[in-house]
Amino acid sequence: LLWHSEEYWEGLEVRHCVWWNERFGINGAWDDHDCKLTYTSDERTDCECYNFGNYAVLAELLEEPDAFKVAQYIMIIKWIGIILGTILLIFFVIVVFISVN
């Protein structure tokens, strides 16, 4: 849960109805088997589960990838590599010409 009212989260929220399955894995885990989502809105989610135990609604916030940020990040790394490679190549050529003479 987000308790900060000044922050706003954008993205697609996917909700899952789960119950605590003690037989799942070594220590137990949340399991969505035998639970189904019957209704969901911004303020309420209804579930039907066919087991006894502890129940929860897990919310997953999905954000669309920003292609511009990814492309800009890759371009910066690319140009740093090109500039660094060129400087090192020039340095290597200078060292080779100095050592030959």
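Here the structure is a predicted model, which means the values were calculated and not measured.
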*Kindly write out the residues that satisfy side chain to side chain donor-acceptor pair (under 3.5 Å) with Arg23, not counting sequence neighbours, or none if the list is empty.*
none

*asked:* Connecting only ILVMFWY residues whose side-chain heavy atoms lie within less than 4.5 Å of each other, what is the rest of Val57's hydrophobic cluster?
replied: none

Pairs of donor and acceptor atoms involving the side chains of residues 26-38, under 3.5 Å and at least two apart or interchain, shall be tabulated with distances.
{"from": "Asp31", "atom 1": "OD1", "to": "His33", "atom 2": "N", "distance (Å)": "3.1"}
{"from": "Asp31", "atom 1": "OD2", "to": "Asn21", "atom 2": "ND2", "distance (Å)": "3.0"}
{"from": "Thr38", "atom 1": "OG1", "to": "Asp46", "atom 2": "O", "distance (Å)": "3.0"}

*Taking only residues two or more places apart in sequence or in another chain, which ones pass side chain to side chain contact (heavy atoms under 4.5 Å, CB included) with Leu88?*
Leu84

*Can you name the side chain to side chain contact (heavy atoms under 4.5 Å, CB included) partners of Ile76, sequence neighbours left out?*
Gln72, Ile80

*Indicate, with yes or no, if Val18 and Phe24 share a hydrophobic cluster defined by side-chain heavy-atom contacts under 4.5 Å among Ile, Leu, Val, Met, Phe, Trp and Tyr.*
no

*side-chain contact (heavy atoms from CB on, under 4.5 Å) assessment of Val100 paired with Phe97*: CA-CA 5 Å; Val100 170; Phe97 278 123; 5.6 Å; no

_Least distance between heavy atoms, Glu60 atom then His16 atom_ = OE1-NE2, 3.1 Å

_SG to SG below 2.5 angstrom is the rule I want applied to Cys49 and Cys17. Does it hold?_
no

_side chain to side chain contact (heavy atoms under 4.5 Å, CB included) partners of Ile77, counting only residues at least two apart_ = Tyr73

*asked:* Glu48: which residues meet the side chain to side chain donor-acceptor pair (under 3.5 Å) condition with it, sequence neighbours left out?
replied: Tyr50

